[in-house]
A.B. asks: 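Dumping the structure here so I can ask a few things about it.
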Number of protein chains: 2
Amino acid sequence: VRLSYHLLQFQVLLYVFILVDLSLALFEEPAVFALPTWATMLVELLCLIVFTIRLIHYAKVIPRDKFWKDPKNICIIVILGLTMVDMIIYGALKASNCRAVRWSRVLRPLLLVNVTEGRQLRRAFRSIRNALPQIFYVFLLFMFSLLIFSLMALKLLGKRGLKTIDGAPYFTNYLEIVFDLYVLVTTANSPDVMMPAYNASTGFAIFFILYILINTYIFMSVFLAVVYNNYKKYLKEEVRQLVRAKRHKMVRAFAVLQEQREEGGEPVVSQANWNQLVRLVQPDLSNAHRELLWSVSDDTNQGCIGKVAFVQLADLLNIEVITLKSRPHPLQGVCPAFYLSAPSRLLCQLVQHRAFVIVYDLIILVNAVFIGLDEENPLISNSEWVFLALYLLEILLKLYVFEPRAFFSRHSFWNWFDTIIVVAALIATIINSAMKSSGDYTSRQILDIVFILRVLRLIRVVDSIKRFRTIINTLIRIGPAILTFGQLIIVVYYIFAMVGMEIFKGKVKFYEADSSDPAKAYCGNPSLKGTPFAQLNYCKNNFNDVVSSFVLLVELTVVNQCSGFTLVTHVSARIYFVLFHIPPFITIIVTIRPQLHIFVAFVLEAFFVEYSVEKSDLQTSLEKKIEELELAVYCWLCFLSGYRTVDALLQRMFEADLDPEDFAETDDPAAPTSGNFSNPAFSSA
Amino acid sequence: VRLSYHLLQFQVLLYVFILVDLSLALFEEPAVFALPTWATMLVELLCLIVFTIRLIHYAKVIPRDKFWKDPKNICIIVILGLTMVDMIIYGALKASNCRAVRWSRVLRPLLLVNVTEGRQLRRAFRSIRNALPQIFYVFLLFMFSLLIFSLMALKLLGKRGLKTIDGAPYFTNYLEIVFDLYVLVTTANSPDVMMPAYNASTGFAIFFILYILINTYIFMSVFLAVVYNNYKKYLKEEVRQLVRAKRHKMVRAFAVLQEQREEGGEPVVSQANWNQLVRLVQPDLSNAHRELLWSVSDDTNQGCIGKVAFVQLADLLNIEVITLKSRPHPLQGVCPAFYLSAPSRLLCQLVQHRAFVIVYDLIILVNAVFIGLDEENPLISNSEWVFLALYLLEILLKLYVFEPRAFFSRHSFWNWFDTIIVVAALIATIINSAMKSSGDYTSRQILDIVFILRVLRLIRVVDSIKRFRTIINTLIRIGPAILTFGQLIIVVYYIFAMVGMEIFKGKVKFYEADSSDPAKAYCGNPSLKGTPFAQLNYCKNNFNDVVSSFVLLVELTVVNQCSGFTLVTHVSARIYFVLFHIPPFITIIVTIRPQLHIFVAFVLEAFFVEYSVEKSDLQTSLEKKIEELELAVYCWLCFLSGYRTVDALLQRMFEADLDPEDFAETDDPAAPTSGNFSNPAFSSA
């Protein structure tokens with residue numbers, strides 16, 4: 001009994017509405033493209049109505065008690081309610097010309113987390129939340145170490161009358177020392193913060209080196225270790241429960257389908273029943289693929305399978321097997337005499353030869369040199385046509401040799417990449433030349449696109465070196481898992497951007513390069529006069545609209561130093577209270593950094609699970625079968641590719657800790673994970 | 001048959017000579033403390049002679065073919081030979097007043113690696129060397145990505161006539177772009193490198209964000225993943241071979257000691273033989289400890305143990321069990337009537353009460369506030385005496401309550417720490433006051449020491465919070481493993497310092513703060529005039545002596561930016577070729593960074609092996625026995641503490657991959673690892 005609730009169309013529609021809701025920030029005050037308030041509020045109301053309808057529909061589909069037990073539904077209801085209240089208040093205040101704050105915008109990304117489809121994201125959030133207490137203790141110990149070091153710095157350096165490079169007293173105020181040393185942990189203000197002491201005496205270098213060693217290297221390692229291990233622990237628990245629930249469902253399905261072959265024998269499922277089930281669960285599976293899976297499950301060819309083999313089905317379906325029917329080339333059907341003639345076959349051999357790849361790699365290399373040269377030289381700008389012709393020729397030759405449907409199969413990433421890039425470059429170059437010859441005007445945008453496409457073509461060379469291909473393919477395969485994390489970070493960014501915009505909008509202004517306003521020199525804020533922030537022309541790093549906010553937040557995350565910002569805070573306490581209240585900035589760094597660490601650690605681990613040559617047992621037996629059955633299904637090309645879902649990758653990551661015989665015969669398998677009822681894990685199985 | 005070759009005294013002597021040899025760099029040109037050339041060369045000659053004698057002795061002790069098959073011996077011979085040749089050439093050139101370079105100084109740290117005692121270090125080096133080919137491919141792919149992005153930047157930004165903040169053309173030279181973007185990977189010049197493009201158009205931020213995402217986060221993660229996983233793979237292999245060799249030796253020992261109890265039964269070793277062996281191998285083991293180990297090995301109390309239990313001995317001895325004889329307090333023996341009287345017993349109860357700890361934590365807190373306050377206030381400077389008295393009282397009280405030998409046992413880290421700090425502070429404060437009252441002169445050094453000791457006292461508070469204690473104790477336990485890595489990094493630093501000093505010495509000069517030399521403004525190098533390097537007063541970051549070189553190298557390693565340096569290179573290509581030839585600097589960053597990554601990853605992993613609550617099987621059974629035998633050995637306090645050796649920690653890290661029944665019945669167990677003959681692993685077993 002499958003719910004057809006999670007239809008792809010509905011999911012896409014829901015995501016579109018969430019995206020529209022989130023992107024409203026572009027049009028609301030402070031806006032990138034200003035729209036009247038009534039327009040944005042109308043769109044938002046529409047989104048809210050859609051979410052409400054969906055929630056009501058959902059509540060009707062699933063049992064009432066399950067609905068109310070699920071925190072994510074409560075969360076959605078609360079968000080919708082609060083947003084409505086905020087909109088009403090905001091509208092009323094605006095109508096009476098009062099200052100109003102749209103605080104409910106902060107809640108929007110939480111919708112992304114809480115809709116059913118955001119399961120991966122919700123799991124990541126839960127894991128982080130559960131790991132918080134452990135992390136807190138390490139953070140406390142780190143703070144203690146920071147305070148002790150600061151006290152020592154105050155005692156050792158405060159009384160020596162040293163001056164910073166700006167002539168300010170050096171290390172005399174305890175709170176400033178704490179802040180300076182905190183920034184030093186991120187290695188941002190090194191070696192500047194150390195120089196005055198080091199210039200006074202070489203011995204003080206020991207203090208700073210010890211500090212960096214203990215706090216930056218050892219403590220941050222421990223911090224990362226605790227964060228990541230806790231995160232992994234909870235993630236593992238979630239994956240284990242998911243696998244258990246999945247297996248329990250399979251056991252129940254087995255109980256429905258089972259039959260007794262012999263008296264007193266084990267119950268089994270016949271191939272006919274099994275086929276019916278698989279067809280129901282995954283209608284788009286090819287017959288060859290289904291037969292392959294059956295022959296893996298029914299290893300001894302008895303025509304029926306036991307419980308253990310049956311339960312494996314869910315995992316087997318998660319292994320992506322690409323099945324391609326090897327058909328003759330269409331030209332062979334149209335004109336066999338020509339296509340099978342000697343010159344035509346020689347051409348096919350040539351194209352399939354290793355030398356063909358090498359020749360084209362060399363062409364790409366030459367092209368790279370030409371791109372690097374000055375394109376105003378007519379010889380070089382015309383050479384572009386030659387290269388385009390060569391690339392087009394390559395694609396046409398390959399289409400001549402290989403069956404077009406196989407060439408453009410869903411998994412031939414590089415073929416698609418090549419064709420799209422070359423065709424797009426051809427179109428853009430033609431438009432560009434047409435515009436150039438028609439008038440003197442050349443569109444900068446078109447030219448930019450032409451340049452980008454030209455350079456992107458060069459990436460193709462990666463595909464011809466096996467080791468590179470392995471690395472890139474691994475990255476592509478762990479892509480979905482990385483994207484989950486990307487979403488997580490975007491949720492956090494969005495919230496911070498909303499808060500930042502409310503607090504800081506308009507505090508720093510950006511003037512175009514051709515502006516002659518004297519305020520340009522200090523970003524339109526007199527308190528920034530003469531500060532490095534203004535001198536380094538950082539005025540565009542502001543919270544004036546949602547795009548600038550995102551760029552600024554990325555800078556703050558990426559850049560260990562935010563040299564401008566720390567310089568600002570370092571040089572004059574005045575600005576650091578006027579403009580950049582420290583608390584939000586520290587919060588940003590403290591909140592986003594660990595997530596980035598988790599991101600890096602996760603990429604690291606997922607990369608190695610995929611990159612390592614070891615295959616799981618199931619994959620191995622599947623591959624063995626493919627080899628065995630080569631003859632039986634000879635008209636099909638079967639090969640293994642990665643996993644279908646993020647779930648499967650996660651399950652693989654924790655495979656060693658999962659008991660394969662653990663069928664979790666509990667009464668209520670849905671209990672451990674909330675919201676398991678409509679668990680898409682089963683839909684993908 | 002044990003070799004008494006690895007006696008502690010000899011090892012210490014050897015290390016002293018290596019240290020002397022390494023520290024010669026302090027006295028040689030360019031020197032911190034200049035000594036005449038003949039003096040340093042004489043000392044070096046002495047060191048060389050000592051190493052030669054040791055090598056000859058070693059060659060006599062072990063079989064000839066083993067000696068010549070071992071690459072480390074060859075390595076030592078080559079180093080000694082080259083150093084002699086260099087010293088002769090250098091001496092001759094100096095005598096004839098020619099310019100001479102002591103190039104063999106680079107080889108000195110390799111002695112540290114190649115003496116037998118540097119086994120851990122050698123293993124780390126081997127693992128890194130073996131992992132290099134894999135790392136190389138990822139590095140190539142990274143370079144490819146860097147070149148492609150640079151090309152795109154050139155095409156997109158080069159023709160727009162943008163200017164950097166200094167008015168220089170922005171992104172017009174391909175090689176400069178490559179360098180800028182390379183630096184951006186280390187997040188050093190962000191957001192400066194992005195600002196001109198970002199100011200011109202918001203869209204360009206996408207280019208830089210994509211670049212940072214791909215190259216800094218994803219690529220660096222992959223790089224780290226490949227580096228660390230390969231490193232671990234080889235380390236695991238080495239550990240496996242080590243464990244095998246150890247087990248093989250134990251099997252051979254078993255063959256010698258075994259006897260047949262029953263006809264046709266398994267051969268066994270009797271308790272008497274076993275006792276004799278353990279007494280021979282570890283004479284300092286207490287009887288209680290030995291009995292405990294026996295009862296773990298002979299679980300069923302048969303009076304003899306089989307092969308598997310016997311082989312375990314090596315691992316059992318590696319688990320550190322602290323055995324303390326619980327004796328009555330000496331005062332009880334001297335004056336029992338007083339010590340056992342009611343007030344005395346009340347005092348004991350008070351001191352052992354939780355409130356006592358809390359009271360002293362509060363005192364420490366108050367003390368911290370007093371330290372932070374201005375010590376020129378007489379009330380506050382006198383309060384120091386009160387705090388000192390309170391701390392002394394605490395130690396005396398504890399000595400009154402606890403048995404002094406137990407209080408100062410080898411593993412009571414915090415008791416030792418407390419006592420040393422308080423006594424040292426007392427002495428330093430007395431000296432300080434004495435000097436103050438005798439004349440007006442106060443030694444700055446003494447005062448510094450007093451301050452440091454005062455602040456260090458505060459660390460004690462960590463011990464009273466259980467979670468903090470766990471973290472700190474874990475760190476202390478993985479200390480030796482971390483130190484191995486520290487040595488590795490010092491070897492690399494030393495080599496770079498030697499090379500850097502030969503190339504750059506005297507190029508940048510440091511002038512004291514009170515110097516009035518006009519050259520001070522540009523660090524004595526006219527080509528630095530007006531550069532940020534000179535403006536930020538970085539003159540002391542130079543290669544003029546070995547101490548400065550080390551500090552500079554630490555800065556370059558730690559600091560993602562080396563803001564001065566990159567600014568220098570960014571601003572004017574002139575200086576970057578005159579003063580900081582790029583190649584060595586890139587080499588430093590490329591060479592040292594990955595090691596730091598490995599360091600962090602290693603700390604991370606080792607930390608978790610120790611920090612996780614799970615204990616190894618052996619530890620669990622040992623603990624169970626301790627509990628069972630509580631009554632039998634009741635006069636001994638036994639408790640588990642970490643591992644004795646780095647080897648044991650490493651073995652634990654890879655426990656899951658080691659087959660416990662793998663006795664490696666090969667003919668030559670020494671073959672896999674070179675230099676296994678004098679393997680100290682056996683000495684510690």
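Note on naming: letters A, B, ... go to the chains in the order of the sequence lines (proteins, then strands), and numbering restarts at 1 for each one. Everything quoted here is computed from the prediction, not taken from an experiment.
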A.B. asks: Quick one, A:Met194 and B:Val551 - any side-chain contact, counting heavy atoms below 4.5 Å?
C.D. replies: yes
A.B. asks: From B:Ile459 CD1 over to A:Phe144 CZ, what is the distance, rounded to the nearest 0.5 angstrom?
C.D. replies: 6.5 Å
A.B. asks: Run B:Asn199 and A:Phe510 through side chain to side chain contact (heavy atoms under 4.5 Å, CB included) and show every step you take.
C.D. replies: CA-CA 9 Å; B:Asn199 284 338; A:Phe510 172 67; 3.3 Å; yes
A.B. asks: Checking heavy atoms, do the side chain of B:Ile206, its backbone, both or neither come under 4.5 Å from chain A?
C.D. replies: neither
A.B. asks: Given a strict heavy-atom distance threshold of 4.5 Å, which part of B:Met195 is in contact with chain A: side chain, backbone, both, or neither?
C.D. replies: side chain
A.B. asks: Give, as side chain, backbone, both or neither, the part of B:Ser150 having an atom under 4.5 angstrom from any heavy atom of chain A.
C.D. replies: neither
A.B. asks: Please classify the contact between B:Thr172 and chain A as side chain, backbone, both or neither, with a heavy-atom cut-off of under 4.5 Å.
C.D. replies: neither
A.B. asks: Would you give the length of the straight line joining atom CZ of B:Phe451 to atom CG of A:Leu151, rounded to the nearest 0.5 angstrom?
C.D. replies: 10.0 Å
A.B. asks: Under the side-chain contact (heavy atoms from CB on, under 4.5 Å) rule, collect the residues that match up with A:Leu365, sequence neighbours excluded.
C.D. replies: none
A.B. asks: Identify which of A:Ile452, A:Leu147, A:Leu154 forms the greatest number of heavy-atom pairs closer than 4.5 Å to chain B.
C.D. replies: A:Ile452
A.B. asks: So, taking the atom named CZ in A:Arg457 and the one named CD1 in B:Ile148, what distance separates them when rounded to the nearest 0.5 Å?
C.D. replies: 11.0 Å
A.B. asks: Are the side chains of A:Val455 and B:Phe149 in touch, meaning some heavy atoms are under 4.5 Å apart?
C.D. replies: no
A.B. asks: Heavy atoms, side chains only, cut-off 4.5 Å: are B:Asp448 and A:Lys155 in contact?
C.D. replies: no
A.B. asks: Quick one: does any side-chain atom of A:Lys540 pair with a main-chain N or O of B:Tyr198 as donor and acceptor, under 3.5 Å?
C.D. replies: yes
A.B. asks: Suppose we screen for side-chain contact (heavy atoms from CB on, under 4.5 Å). Which residues come up paired with A:Leu141, at least two apart in sequence or across chains?
C.D. replies: A:Phe219, B:Val462, B:Phe468, B:Ile471, B:Ile472
